Amino acid sequence: MDKRAAAHLLDTIATYLELKGENPFKVRAFANAARAVETLPGTLEEALASGALAEARGIGPATLEVVREYAGTGRATALEELRREVPPGLLEMRRISGLGAAKVRTLHAQLRITTLAELEAAARDGRLAALSGFGEKSAQKILRGIEFLRRTSGLALAHHAARWGEEIRLAVAALPGVAGVEVAGSVRRRAEVAHDADLVAGTALAPAELGRRLQAAVPALGVAEAPGGLKLTREDGASADLYAVAPDRFAAALLWATGSAAHLERLAAHAADRGLTLGPGGLEQDGEGVRCRDEAALYAALGLPFVPPELREGGDEVARAAAGTLPRLIERDDLAGGGLVHCHSVYSDGANPIAELAAVARAAGYGYLGLTDHSAAAAYAGGLREDAVLRQHAEIEELNRGWPDFRILKGIEADILADGTLDYGAETLARFDFVIGSIHSRMDMDRATMTARVLRAMDDPHLTILGHPTGRLLLTRDPIALDLDAVLAKAVERGVAIEINGDPQRLDLDWRRCRGARDAGVMLSIGADAHSLPGLDNMDLGVAVARKGWLEKTDVLNTRNREGFLAFARSRRQT
DNA sequence: GCCGTTTTCGGCCCGACTGTTTTCAGTCG
């Protein structure tokens, strides 16, 4: 069991306690404990054995016992009891925006509602609106929320699916009789959400025997035979398809399982133009299979350069490959000497002191850390009042004296207020090396008002980067209503960079808009939006979005060195 | 439930908005 599973368990208990109407501070204690577990260094087993978990801030006797029991037995008595008391359907309802624990409790107590279907019926037939504390608008909002849940059901954030896929990959790779195994599907294409994980294994073993060996190696895994291979399930419901093929079919099977369907269709059409047949079984010429030792060889047999999985979405990538004009996509190494931008420290709602963030960024090869705590308006996130800004800047200057080759930049994530002005006055904004402007409140404005708000913020010469421009939270909240074309045009006109936020729940700007933005002359900036040390790795997810959006190194602001980055910020202020 | 001590209880993040009310509970970030 890993830290994330333990954290998820504690979070689930917190939600059940909340639905039960427990003391809110007790609820928060479990949620805090979840965060404490998640941000623990080392593995969970090590932390349990060394006593580090027991010592961790936020972990007390009760939460420690929950984790200990789960790690030891795979069971959680506390959760099992809560499940008997609180209908699990309430947990689903809690995910609807506008439905907090108190309202869910009311619905359960007054209308005996325990499922989404019952909730929908009550919202439609007027029973819900008749309840005290509810009204017609609540009913409509809830119906919209149910629709959103339906639309996103069965989907997982891609980085969760990727982690789960990687666990399987490692387990399968270690089995005797397996020549190779890779994660495929939308996870390999670096999509933002995924239905499940897909893997391909090259092996001479029959699926049944492969399943037996895998089951013996990982007893907790659900293993069943399925067409072409195995269906794998985890106790929390996550599933994965593992396709088993003969080793000499591996490349073709990997290509096919990676998709997308639209890419394969174009690739098959390209093959047909050349007198070849491409199908699930591989490449054929005159009825004879064409042997390809890997995917690159398969593309080469089609007269094409290797098409990176991120680009395989069925746009014009096959045509561009045929013309030899695929981009040289940005890579993680292109950020060496560049900036790890958009980080939160303990000054606002981050978990780590500035020095720790900076040390990790420096060790990872970055040339600077773009520190951006929240501004004062974000009171919920401990946003910095002006005196705290001064204290933070003094600390940064002191830290910056400590290293010759690295700098912390004084940034801020300033709230874009309802009227489109940036939080803080011009005098305070001018103290920062750069400013990310983001919307965190009043997300429900109509499109015209919201667009005017964002455009006005972009007129402020202190604004360097527009943060998470659409405000979406994947599988949780739709994007704000915004004329993105107008925003991108303004970004070009005013020299504002647009963020690619690497938080796995955001991945915003959407990759689908990156290429067009770049072609229009927009500068993009990859941001981690890190709130802890593990969050610094969000940069990799941001790079994946940029790659999927056809971006090259020069399209991304923070591939520039410190002087280049600062020059970009300064140039706005001088116009 | 956890923390921290002023060390075994009292405090724990809070301001703004929304939809409901007609003064405010609930939700959100």
Side-chain angles (χ1 to χ4, degrees), chain A residues 9-11 13-37 53-67 78-79 82 93-110 123 128-145 344 346-351 373-385 388 413-419 423 438-446 449-450 453 467-468 471-473 476-478 480 501 503 505-506 508 529 531:
Chain A
L9 169 65
L10 291 165
D11 267 327
I13 290 176
T15 307
Y16 271 109
L17 291 172
E18 195 187 18
L19 287 166
K20 223 183 118 184
E22 271 283 2
N23 172 3
F25 295 109
K26 182 172 171 181
V27 173
R28 194 192 299 164
F30 275 89
N32 287 344
R35 271 192 82 173
V37 169
L53 181 64
E55 294 296 310
R57 198 183 151 77
I59 298 289
T63 48
L64 176 65
E65 184 47 37
V66 168
V67 176
L79 181 61
L82 285 165
M93 289 161 57
R94 181 69 184 75
R95 287 181 52 212
I96 294 173
S97 168
L99 269 192
K103 290 199 165 175
V104 170
R105 268 204 309 283
T106 303
L107 291 166
H108 182 223
Q110 306 274 323
L128 188 142
L131 283 180
S132 164
F134 292 79
E136 190 46 39
K137 283 193 176 175
S138 313
Q140 292 310 317
K141 190 169 183 190
I142 284 166
L143 286 174
R144 285 197 300 277
H344 299 269
V346 289
Y347 273 84
S348 63
D349 59 350
D373 274 304
H374 284 286
S375 66
Y380 61 90
L384 273 59
R385 297 185 193 282
E413 184 178 18
D415 267 38
I416 296 175
L417 305 177
D419 64 357
D423 199 8
S438 304
I439 287 184
H440 291 118
S441 59
R442 299 292 305 273
M443 322 275 296
D444 57 347
M445 289 179 168
D446 67 76
T449 313
M450 183 64 90
R453 174 188 184 186
H468 44 74
R472 73 175 180 185
L473 290 179
T476 301
R477 186 177 71 207
D478 276 327
I480 55 175
N501 187 297
D503 182 309
Q505 259 210 299
R506 295 189 181 274
D508 178 16
D529 205 354
H531 289 78

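Per chain, numbering begins at 1; letters A, B, ... match sequence-line order. Model, not experiment: these values are computed from the prediction.
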Just call it for A:Ala56: base, sugar-phosphate, or nothing, with non-hydrogen atoms closer than 4.0 Å on any strand.
sugar-phosphate
Contact class for A:Arg477 (heavy atom, under 4.0 Å): base, sugar-phosphate, or nothing?
sugar-phosphate
Expressed as a whole number of Å, how far does the P atom of B:dG15 sit from that of B:dG10?
24 Å
Side-chain contact test, heavy atoms from C-beta onward, threshold under 4.5 Å: evaluate it for A:Leu131 versus A:Leu107 and give yes or no.
yes
Provide the distance between the two P atoms, one in B:dC12 and one in B:dC17, to the nearest whole Å.
24 Å
For B:dC13 versus B:dC9, give the span between their P atoms, rounded off to a whole number of Å.
22 Å
Mind checking the P distance from B:dT6 to B:dG11? Whole angstroms is fine.
16 Å
Counted 5' to 3', the first and last nucleotides of DNA chain B within 4.0 Å (strictly under) of a heavy-atom of chain A are B:dG1 to B:dG29
B:dT27 versus B:dT20 - spacing of their C1' atoms, nearest Å
13 Å
Reckon A:Leu17 touches a base, only the sugar-phosphate, or nothing at all at heavy-atom distances under 4.0 Å?
nothing
Step by step, work out the side chain to side chain contact (heavy atoms under 4.5 Å, CB included) result for A:Ile439 and A:Arg453.
CA-CA 10 Å; A:Ile439 287 184; A:Arg453 174 188 184 186; 4.0 Å; yes
Between the side chains of A:Glu413 and A:His468, does any donor sit under 3.5 Å from an acceptor?
yes
P spacing across the pair B:dC14 / B:dT22, given as an integer number of angstrom
29 Å
Mind listing the side-chain donor-acceptor pairs of residues 28-37 of chain A below 3.5 Å, one per line with the distance, residues two or more places apart or on another chain?
unit_1  : atom_1 : unit_2  : atom_2 : d
A:Asn32 : ND2    : A:Arg28 : O      : 3.4

Can you sort out the partners of A:Arg94 under side-chain contact (heavy atoms from CB on, under 4.5 Å), two or more places apart, ordered by chain and number?
A:Thr15, A:Glu18, A:Leu19, A:Ala101
My understanding is that only residues two or more places apart in sequence, or in another chain, count here; which of them pass salt bridge (Lys or Arg N to Asp or Glu O under 4.0 Å) with A:Lys137?
none
If you assign A:Gly100 and A:Phe134 each to the DNA chain B nucleotide with the nearest heavy atom, which residue ends up on the more 5' nucleotide?
A:Phe134
I'd like to check the side-chain contact (heavy atoms from CB on, under 4.5 Å) partners of A:Arg472; sequence neighbours left out, ordered by chain and number.
A:Glu192, A:Thr470, A:Leu474, A:Pro479, A:Leu507, A:Asp508, A:Asp510
Looking at every strand, decide which applies to A:Pro24 at a 4.0 Å heavy-atom threshold: base, sugar-phosphate, or nothing.
nothing
Identity of whatever pairs with B:dT8 - Watson-Crick or G-U, under 3.5 angstrom
none
Which part of the nucleic acid, if any, lies within reach of A:Ser441 when heavy atoms closer than 4.0 Å are counted: base, sugar-phosphate only, or nothing?
nothing
Which sits closer to the 5' end of DNA chain B, A:Val104 or A:Ile59, going by the nucleotide each is nearest to?
A:Ile59
Within the 4.0 Å heavy-atom criterion, would you say A:Ala101 contacts the bases, only the backbone, or no part of the nucleic acid?
sugar-phosphate
In whole Å, what separates the C1' atom of B:dG26 from that of B:dT21?
13 Å
Categorize A:Asn32 for me: base, sugar-phosphate, or nothing, with a 4.0 angstrom heavy-atom threshold over every strand shown.
nothing
Taking side-chain contact (heavy atoms from CB on, under 4.5 Å) as the test, write out the residues that go with A:Ala388, two or more places apart.
A:Leu384, A:Arg391
Counting the atoms with a prime plus P, OP1 and OP2 as sugar-phosphate, which does A:Ala381 contact under 4.0 Å by heavy atoms, base, sugar-phosphate, or nothing?
nothing
Base, sugar-phosphate or nothing for A:Glu136? Non-hydrogen atoms, less than 4.0 Å.
sugar-phosphate
